[in-house]
Amino acid sequence: MTTDEIIKSFDNYVIANYGRLPRVIDRGQGSYIHDTDGNEILDMFPGWAVSGIGHCHPKVVKAIQAQAQKLLHMDNTFYTELQGNLAKLLSERAFSGKCFFCNSGAEAIEAALKLARIHTPKSKYKFITATGSFHGRTFGAMTATAQPKKFENFQPVVPGFVYVPFNDVAELEKAFDDEVAAVMIEPIQGEGGINVATPEYMSAIRKLCDQSNALMILDEVQTGMGRTGKWFGYQHYDVVPDIITMAKALGGGVAIGAMMAKPEIAASLVPGTHASTFGGNCIACAAGIAVIEAIEEENLLENAQKMGKHAAEKLTQLKDKHSIIDHVRGKGLMIGIQLTAPGGQIVNDCLKNGLRINCTQEKVLRFMPAMNVTAKQIDKAVEILDNVLKNIG
Ligand SMILES: *Cc1c(COP(=O)(O)O)cnc(C)c1O
């Protein structure tokens, strides 16, 4: 089929709930993807952070291939060595918690919310989340997402959610009471525009939760698995959360989500309270283990720190040349470029010139390359963006 034929047929049969770019991608390797017209595209937003160690990492591909010949799936009626091993690897890199596996970020959020409700007394039913957050599209996760335009057409939403302004300690204190089961935020808001939580905010959440036996949940779906230069975003702060959620980069391109909770809290999720048929799937767990091993064998946490610094410097230099750039912010390879005007056209123009980036919240360009990105690839990306901005300005 030609590219046009593929798109035409696709649109006839697939629901149009995404604004898609008119390209058909059929393969990817590392920081590059290729479309069916033979174009190579430098991907600085691989898989919306799913392909955190690049497309088709050889170690992940090999692990999946080997596991596929052994066992594709085993239901949670039985034990598998893989699921236990992945949980151990994650636990050792976080706060010695216990894991529940599912298939996406939203499911990990739902698991966290359910655990918070079942673990705390019945009188505690409220969840506090922060404006600009993004937690997913299922009903609970959507309601947790404190952006009214995301849920206004779906009323009534799940009861019990209270929204506070992000990074505002005073407003958080005002909203807090004995009925709060949990506070949930992202250490760095992703879809919300790369907004970094302040240390004071993190500490205030921890303190308020401790004082009233509420739980601190951190959504690490986007910040987790090394993107910020540490395994998890919270590790940049002097706090330990009670629960974290993971997904995106965890499977290196395979669908997987996980929720980790401190053991004494995790104990509340007894048989019959929560489940996921595909959770802990053999292929997904094999991929997850390979991702963690690859990150360590290739020193990718260090590379994310180094390349993050390099990219932030290069992008900040563009600010002097282009007045549309207000400032650059973020941590590690989670970088936002705050614009003074909408950036949709910039994203489209970059793509025409062989570079893929993302724009969120209308005026924030998201630059989130794979953790094994090279300085040369970053320089090339900055050069393309520079040229695009020249022609726009
Ligand atoms: C992407 C994302 C989610 C939702 O994950 P899905 O896999 O799309 O359900 C939740 N939280 C954060 C912080 C995310 O970035």
Side-chain angles (χ1 to χ4, degrees), residues 15 17-20 45-52 94 100-116 127-147 150-151 154 158 161 163 166-167 182-197 202 205 216-228 230-234 236 241 243-260 276 278-279 281 284 287-288 291 330-336 358-361 364 366-369:
I15 293 176
N17 62 314
Y18 301 97
R20 291 179 198 271
F45 198 65
W48 290 68
V50 165
S51 308
F100 163 79
F101 289 104
C102 49
N103 316 284
S104 67
E107 283 174 77
I109 296 294
E110 298 293 341
L113 296 174
K114 281 182 70 178
L115 175 55
F127 296 114
I128 295 183
T129 62
T131 50
S133 60
F134 183 79
H135 300 295
R137 300 291 195 159
T138 55
F139 258 96
M142 175 184 74
T143 312
T145 295
Q147 301 185 48
K150 294 235 164 38
F151 58 73
F154 299 98
V158 179
F161 285 85
Y163 308 131
F166 187 61
N167 270 342
V183 178
M184 177 167 76
I185 67 157
E186 299 150 79
I188 303 173
Q189 292 186 335
E191 197 267 354
I194 315 294
N195 307 311
V196 184
M202 281 285 198
I205 295 172
M216 177 175 187
I217 303 171
L218 292 180
D219 181 351
E220 297 264 13
V221 168
Q222 198 165 140
T223 48
M225 302 313 291
R227 171 150 299 284
T228 67
K230 292 188 188 269
W231 278 110
F232 297 101
Y234 81 85
H236 292 280
I243 298 175
I244 55 173
T245 55
M246 299 160 251
K248 292 209 165 96
L250 175 55
V254 178
I256 182 170
M259 174 204 61
M260 186 189 301
S276 167
F278 282 103
N281 170 273
V291 166
K331 254 191 178 87
L333 287 174
M334 196 162 173
I335 301 173
N358 167 265
C359 181
T360 188
Q361 303 294 324
V364 183
R366 255 191 302 184
F367 194 89
M368 301 194 351

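This chain uses plain numbering: 1 for the first residue, then up along the sequence. Ligands are counted one by one from 1 in listed order, and the atoms in each one are counted from 1 as well.
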Is ligand 1 under 4.0 Å from a heavy atom in the side chain of Trp48, in the backbone, in both, or in neither?
neither
Without swapping roles, check the side chain of Glu107 against the backbone of Ser276 for a donor-acceptor pair under 3.5 Å.
no
Number the atoms of ligand 1 from 1 as they appear, then name those within less than 4.0 Å of a heavy atom of His135, with their elements.
10 (C), 11 (N)
Polar-atom distance check: Ala106 versus ligand 1, any N or O pair below 3.5 Å?
yes
Would you say Glu186's side chain and Leu218's backbone share a donor-acceptor pair under 3.5 angstrom?
no
Purely on distance, is any nitrogen or oxygen of Gln222 under 3.5 Å from one on ligand 1?
yes
Is atom 7 (O) of ligand 1 less than 4.0 angstrom from at least one protein heavy atom?
yes
Arg227 side chain to Leu333 main-chain N or O, any donor-acceptor pair under 3.5 Å?
yes
Judging by distance only, is a nitrogen or oxygen of Ile109 under 3.5 angstrom from one on ligand 1?
no
What verdict does the side-chain contact (heavy atoms from CB on, under 4.5 Å) test give for Tyr163 and Thr143, after you've listed the backbone C-alpha separation in whole Å, the side-chain angles of each residue and the deciding distance to 0.1 Å?
CA-CA 10 Å; Tyr163 308 131; Thr143 312; 3.7 Å; yes
Gly136 neighbourhood, listing ligand 1 atoms whose heavy-atom distance to it stays under 4.0 Å
4 (C), 10 (C)
Between ligand 1 and Glu191, can you find any atom pair, the residue atom being a heavy atom, that is separated by under 4.0 Å?
no
Got an N/O contact under 3.5 Å between Val221 and ligand 1?
no
Can you tell whether the side chains of Glu220 and Lys248 come within less than 4.0 Å, N to carboxylate O?
no
More than 12 foreign heavy atoms under 6.0 Å from CZ of Phe161: is that the case here?
yes
I need the atoms of ligand 1 closer than 4.0 Å to a non-hydrogen atom of Glu186, numbered in the order shown.
13 (C)
Residue and atom name of the nearest protein heavy atom (relative to atom 15 (O) of ligand 1), distance in Å to one decimal:
Lys248 NZ, 2.6 Å
Side chains of Gln189 and Gln361 only: does a donor on one sit below 3.5 Å from an acceptor on the other?
no
Nearest non-hydrogen protein atom to atom 5 (O) of ligand 1, with distance, is Gly105 CA, 3.3 Å
Nearest-neighbour protein heavy atom for atom 11 (N) of ligand 1, which is reported as residue plus atom name and distance:
Asp219 OD2, 2.6 Å
Looking at Ser104, which atoms of ligand 1 are within less than 4.0 Å of one of its heavy atoms?
7 (O), 9 (O)
Under the side chain to side chain donor-acceptor pair (under 3.5 Å) criterion, do Glu110 and Thr138 qualify, and how do the steps go?
CA-CA 8 Å; Glu110 298 293 341; Thr138 55; 2.5 Å; yes
Backbone N or O of Thr129 within a donor-acceptor pair of the Ser133 side chain at under 3.5 Å?
no
Compute the shortest N/O to N/O distance between Glu107 and ligand 1 and return yes if it is under 3.5 Å, no if not.
no
Do side-chain atoms of Thr228 reach the backbone of Gly224 as a donor and acceptor pair under 3.5 angstrom?
no
